[in-house]
Peer 1: 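I'd like to ask some things about the structure below.
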Amino acid sequence: MTTPLFIKICGLRTEGDVDAAVDAGADAIGFVFADSPRTVDAGTARRLAERVPPGVLTVGVFRGQPVEEVRALTLASGVRAVQLHGDEGREYYDALRPQGWTLIRATSSEGGTPRCGELGEDLLLLDAPAPGAGVPWNWGAEGFTPPAGRWLLAGGLTPENVVEAVRTTTPWGVDVSSGVESRRGVKDPALIRAFVEAVRAADAF
Ligand SMILES: O=C(O)c1ccccc1N[C@@H]1O[C@H](COP(=O)(O)O)[C@@H](O)[C@H]1O
């Protein structure tokens, strides 16, 4: 039997969002600390993270923020992983490493396939150039080479397209935000369930 795909549901803002993701069987949930319609403050993220069972990874999502801000928000919220969408370099990852957080580097495949770990990250996330916009990138393109090692596919995934996406790109896991919303920034529990069920059905093949 192959390892089930890792599923992250991102951009959660309410208790109902968190309960829907956990009950559906998500492996990770994300709180956005970057500028976004989904932004939550550290206190909200802490309160929501406290509802999450220990087996589900809590992730703080950042984009182009100073490392001290990332450190402060991560400590204040108590999340266990940091997802970085900026153009941070190795020194930035080195500065966060001693805290023991799981470090996720979000990048695109423009300019070639990145390698997981090359900046000190634990996990790579291949996303569209505009994160959180619900727009798929061209992951089905001829010549796309998946990264070696652990990587998450993100960018415009939905319950309808995720099965084809994972069969085409063979990621270690998937990450979704817009595709499980009824409108921008508002999660839909039925879509969260449908997304997780679709991924688990893809696992069965
Ligand atoms: O969700 C956001 O608004 C966001 C803002 C800044 C950086 C990342 C953000 N979200 C991440 O975007 C991808 C995919 O989102 P989508 O499914 O295409 O909407 C995912 O990794 C989110 O964590």
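Bear in mind the structure is a predicted one, so any value in this text is a computation, not a measurement. One-based numbering, in listed order, for ligands and for the atoms of each.
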Peer 1: Who are the side chain to side chain donor-acceptor pair (under 3.5 Å) partners of Glu197, not counting sequence neighbours?
Peer 2: none
Peer 1: Less than 4.0 angstrom from a charged side-chain N to a carboxylate O is my criterion; do Asp94 and Arg97 meet it?
Peer 2: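 A salt bridge is absent here (no side-chain N lies under 4.0 Å from a carboxylate O).
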Peer 1: Less than 4.0 Å between a side-chain N and a carboxylate O, is that true for Asp19 and Arg51?
Peer 2: yes
Peer 1: Aromatic ring centroids of Trp139 and Phe144 under 6.0 Å?
Peer 2: no
Peer 1: Sequence neighbours left out, what passes salt bridge (charged side-chain N to carboxylate O under 4.0 Å, His left out) with Arg105? Give chain and number order.
Peer 2: Glu118, Glu121
Peer 1: List for me each residue that meets salt bridge (charged side-chain N to carboxylate O under 4.0 Å, His left out) alongside Asp127, sequence neighbours excluded, and say none if there are none.
Peer 2: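 Not a single residue meets the salt bridge (charged side-chain N to carboxylate O under 4.0 Å, His left out) criterion with Asp127.
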Peer 1: With a 4.0 Å heavy-atom cut-off, what residues sit around ligand 1?
Peer 2: Lys8, Cys10, Val32, Ala34, Ser36, Arg38, Val61, Gln83, His85, Leu125, Asp127, Pro131, Gly132, Ala133, Gly134, Ala154, Gly155, Gly156, Asp175, Val176, Ser177, Ser178
